[in-house]
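Naming convention: chains lettered A, B, ... in sequence-line order (proteins, then strands); numbering from 1 in each chain.
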Amino acid sequence: MEIYFNPSVYLDRQLRNAASSGGLFDDSFEPQIRPSDPRHGDYQANGVLPMARKMGLNPRDAAAQLIDALKKTGAFDENLVVLSVAGPGFINFRFKAAFLKQWLAQHDSEEQLKKAAHGLFAQRRFIVDFSSPNTAKQMHVGHIRSTVIGESLCRLLEFGGASVLRDNHIGDWGTQFGILLWIIKRDGFDPLASFTDPLAKLENLYKKGVSLTNDEPAFLEEARGELVKLQKGDEENLTLWKSINEVSCGAFEDIYQRLGIRFDVVLGESFYRDQVERIYRELLETGMAEESKGALVVFHPDHPRFKEQPFIIRKTDGASNYATTDLATILHRVEEKKATDILYVVDSRQSDHFEQLFLTARKWLPKIGRPVPRLQHISFGTILGDGGKAIRTRDGEPVKLKDLLDEAVERAYAIVSEKNPGLGEEERRRVAAIVGLGAVKYADLMQNRTSDYHFSWSKMLSFEGNTAPYLLYAVARIHSIFRKINLRPGEGEEMASDFQTDVEMALARKLVEFSSVLEQTLSDWRPHFLCTYLYELAGAFSAFYNSDKVIGENPPTQSRRLVLCDRTLLILETGLHLLGLDTLERM
RNA sequence: GUCCCCAUAGUUCAAUGGAUAGAACUGCGGUUUCCUAAACCGUCAAUCUGGGUUCGAGUCCCGGUGGGGGCACCA
């Protein structure tokens with residue numbers, strides 16, 4: 001029998017085959033293969049129950065017959081897998097030690113795993129739209145989730161064989177530039193002059209501008225004038241605007257570099273500003289857009305809510321808005337980038353906007369003879385601080401992302417210094433950066449993205465529970481084992497016997513589960529499935545490490561335990577890298 | 001007003017319609033001449049409420065209560 005990367009694919013195929021060749025069920029049979037609670041087996045088939053019900057058969061009898069049919073096909077080697085009927089009519093599949101050993105032999109490197117996973121998204125070209133800060137403002141906590149989740153999804157997609165384009169759709173063309181240009185000119189500020197933190201200075205200047213224009217209508221008029229001049233292509237304002245964006249992107253880049261993120265494309269809203277006329281024209285020509293209350297809008301008569309709630313693509317004052325640029329962006333991604341899939345990693349509060357955007361695009365693109373990509377809003381909840389309210393500083397300002405990352409690293413440094421004073425200063429700094437930044441990323445990813453979550457320094461930096469430090473520690477311990485016996489991971493496996501102890505078996509089973517988890521994570525774009533799994537894997541390893549000695553056992557035993565150490569290391573590191581975390585050899 | 005999301009142990013979170021609802025923290029009780037105790041093991045403890053669908057519901061449907069968010073020109 002063949003050993004598949006994802007055994008459920010094989011099980012599904014064999015069950016369908018046996019059901020039809022045995023004349024038991026027709027083509028409507030869905031095996032419903034699921035990973036099992038380890039108490040029952042490795043996988044289970046749930047599909048016999050509804051099928052038996054439908055055909056008026058006793059479910060347990062039907063399951064037993066299906067198992068007989070399966071055995072007749074010769075698809076299952078009894079030395080590798082045990083089949084049984086259980087409960088009301090489930091079929092359980094339990095892998096024996098020889099199966100686990102063989103699976104682990106076949107999947108012994110990151111390249112192997114990636115190759116095995118490659119079919120998930122082969123031939124698809126994804127554009128992932130994430131992070132998307134506004135220029136002239138510093139990045140703040142509100143950007144963490146999009147940035148961290150977006151990067152992880154990109155890595156997961158690439159692992160699954162997709163072609164991925166990371167696109168940072170920055171907000172570089174908003175109405176904020178009126179006030180900003182006005183106050184800059186008034187105060188004689190040069191964004192490109194050297195300051196320690198020019199973006200922070202710009203932001204303060206903007207706040208001053210807002211406050212002044214709020215108090216004095218004449219100032220507001222002047223600011224509006226600056227915006228109009230910018231939009232009409234005024235030389236001086238354009239130059240200033242460009243330098244503001246340059247400074248902003250430089251500051252963003254610092255943060256992305258710390259987080260290990262690199263974008264393929266940074267095209268802000270300004271890039272699409274000369275394409276809005278085409279959008280107006282085409283939506284009018286195709287009969288989708290209409291004038292309403294002075295604005296150009298799209299209604300969706302077929303939709304209960306959006307038949308009356310307009311999608312505004314041109315404001316009363318004639319200006320475009322983000323609906324317009326988002327439509328232009330889709331067009332560009334389809335025409336120029338040949339996207340088959342576009343993911344928007346954006347706050348759930350914008351779900352109405354995306355629903356309207358997608359509805360509009362799905363009608364409009366076919367009318368102009370363009371393919372319609374799969375469009376998905378990968379939404380996420382809010383990060384909550386004390387009192388269950390969105391996290392803020394004491395003065396009610398959003399927490400700066402830079403400050404947050406600095407604090408994470410500082411806190412990690414203090415902990416590392418305390419726990420492992422033997423490490424040199426330089427190494428402690430390096431460890432602190434990986435642990436601190438990893439903790440912030442992991443705390444975000446381990447939550448179901450659609451729910452809000454409570455931000456807690458002590459929890460994310462704890463070594464207890466589902467945290468980055470716990471996982472990184474497990475990785476470091478495994479490296480330590482190999483250092484101790486002067487072998488590199490992957491070496492010393494030649495003498496391996498079959499797994500025997502309960503903890504060995506449990507760990508080996510957990511390792512094989514990786515393939516199912518990867519698929520589950522990608523099926524709904526939810527990295528927390530992978531996090532939960534990695535945490536369970538690290539737990540299974542710790543239990544094994546605690547009860548079964550690796551070094552110094554007889555050669556076949558040490559050898560097979562080294563296999564478990566190496567594959568645990570491999571999957572923990574692969575998994576953490578897919579989440580966007582760096583790993584350590586010692587900490 | 002209307003629409004969307006949420007409600008699971010004292011707390012923070014899990015659970016693609018499937019078997020006895022899993023963890024972590026907290027509490028209580030253990031484990032170290034031994035590969036990093038930054039660890040491991042045990043134990044107490046939960047599906048907001050009322051109906052319905054289903055062989056099977058934390059999960060799906062309808063009503064209620066409580067919380068968060070969106071809803072005409074900011075993104």
Side-chain angles (χ1 to χ4, degrees), chain A residues 32 34-37 39-40 44 46-47 49-50 52-53 59 86-90 92 132 134 169 171 173-176 269 292-297 304-306 308-317 319-323 325-326 346-353 355 379 381-382 384 388-390 415-416 418-420 422 435 446-448 450-454 456 458-459 462-467 469-470 472-474 476-485 516 519-520 523-524 526 528-529 531-532 535-536 539 542-553 561 565 586-587:
Chain A
Q32 295 183 34
R34 309 274 185 269
S36 269
D37 184 312
R39 285 173 292 195
H40 304 126
Q44 65 188 71
N46 297 340
L49 278 101
R53 175 85 193 165
F90 303 117
N92 285 345
S132 315
N134 291 329
H169 192 72
W173 197 245
T175 42
Q176 75 268 30
E269 287 159 352
S292 172
K293 300 183 184 173
L296 189 63
V297 310
R305 197 150 28 110
F306 303 132
E308 280 168 12
Q309 185 178 319
F311 190 51
I312 298 173
I313 57 169
R314 190 178 61 206
K315 301 188 286 180
T316 312
D317 65 5
S320 60
N321 65 2
Y322 76 140
T325 48
D326 277 357
V346 181
D347 193 326
S348 62
R349 281 176 301 199
Q350 290 192 37
S351 55
D352 271 6
H353 167 71
E355 211 179 323
S379 68
T382 309
L384 306 175
K389 294 282 178 191
I415 295 170
V416 171
E418 182 206 328
K419 304 278 188 186
N420 200 346
V435 172
M446 58 86 74
Q447 304 277 347
N448 187 341
T450 52
S451 25
D452 298 345
Y453 76 90
H454 288 82
S456 160
S458 60
K459 277 192 182 168
S462 168
F463 289 80
E464 291 162 347
N466 191 358
T467 66
Y470 178 82
L472 293 171
Y473 177 62
R477 274 172 135 185
I478 301 174
H479 276 293
S480 171
I481 293 171
F482 285 102
R483 267 199 307 276
K484 207 91 181 176
I485 48 173
S516 298
E519 203 165 309
Q520 202 189 350
S523 72
D524 206 17
R526 291 183 195 269
H528 83 279
F529 284 126
C531 294
T532 303
Y535 173 60
E536 288 167 0
S542 290
F544 156 77
Y545 177 91
N546 209 258
S547 82
D548 288 1
K549 190 134 179 62
V550 177
I551 299 172
E553 294 295 304
R561 289 181 181 167
C565 289
R586 71 180 92 219
M587 64 186 274

Starting at [atom1] of [X], measure out to [atom2] of [Y] and round the result to the nearest 0.5 Å.
| X | Y | atom1 | atom2 | value |
| --- | --- | --- | --- | --- |
| A/N321 | A/I313 | CG | CD1 | 8.5 Å |
| A/L296 | A/I312 | CG | CD1 | 10.0 Å |
| A/T382 | A/Y453 | OG1 | OH | 10.5 Å |
| A/H479 | A/M587 | NE2 | CE | 12.0 Å |

Stacking check: are the rings of A/F463 and B/rA38 less than 5.5 Å apart at their centres and under 30 degrees in tilt?
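Given the distance and angle limits, no, they do not stack.
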message: Between the base of B/rA19 and the ring of A/H40 - centre-to-centre under 5.5 Å, planes within under 30° - is that a stack?
response: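 Given the distance and angle limits, yes, they stack.
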Would you mind classifying the nucleic acid contact of A/A323 as base, sugar-phosphate or nothing, using non-hydrogen atoms under 4.0 angstrom?
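Nothing, no heavy atom under 4.0 Å.
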Among [options], the one nearest [X] by side-chain distance:
| X | options | result |
| --- | --- | --- |
| A/K484 | B/rC55, B/rA72, B/rC35 | B/rC35 |
| A/E464 | B/rC35, B/rC25, B/rG18 | B/rC25 |
| A/R349 | B/rG69, B/rA75, B/rG18 | B/rG69 |
| A/E269 | B/rC40, B/rA75, B/rA19 | B/rA75 |
| A/N321 | B/rA75, B/rA24, B/rU36 | B/rA75 |
| A/Y545 | B/rA72, B/rC35, B/rA38 | B/rC35 |
| A/A543 | B/rU20, B/rC40, B/rG18 | B/rC40 |
| A/P50 | B/rU36, B/rG18, B/rA14 | B/rG18 |
| A/F90 | B/rA19, B/rA39, B/rA14 | B/rA19 |
| A/S542 | B/rC40, B/rG18, B/rC74 | B/rC40 |

task: Kindly say whether, by distance alone, the side chain of A/T532 makes a donor-acceptor pair under 3.5 Å with the base of B/rA15?
output: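 Counting by modelled atom types and ignoring angles, no donor-acceptor contact under 3.5 Å is found here.
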| task | Go through the N and O atoms of the side chain of A/N448 and the base of B/rA15, and report whether any donor-acceptor pair is under 3.5 Å. | result |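 Check fails, no donor-acceptor contact within cut-off.
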Identity of whatever pairs with [N] - Watson-Crick or G-U, under 3.5 angstrom:
| N | answer |
| --- | --- |
| B/rU53 | none |
| B/rC13 | B/rG22 |
| B/rC74 | none |
| B/rU31 | B/rA39 |
| B/rU59 | none |
| B/rG66 | B/rC6 |

5'-most contact on RNA chain B: A/P310 or A/D452, nearest heavy atom basis?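 On the 5' side of the pair lies A/D452.
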Quiz item: What is the distance, rounded to the nearest whole Å, between atom CD1 of A/I485 and atom P of B/rC34?
Solution: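 For the pair A/I485 CD1 and B/rC34 P, the rounded distance is 18 Å.
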Nucleotide by nucleotide, nucleotides 1-12 of chain B touches protein heavy atoms under 4.0 Å in the pattern (B base, S sugar-phosphate only, - none) --S--------S
Are the aromatic rings of A/H353 and A/Y322 close, with centres under 6.0 Å apart?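 Judged by ring-centre distance (under 6.0 Å), A/H353 and A/Y322 do meet the cut-off.
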* Asked: So, for A/F306 and A/F311, is the gap between ring centers shorter than 6.0 Å?
  ->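 Not under 6.0 Å, so no.
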Worksheet item: What's the shortest heavy-atom distance between A/A390 and A/L384, and which atoms?
Response: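 Nearest heavy atoms, A/A390 then A/L384: N-CD2, 3.9 Å.
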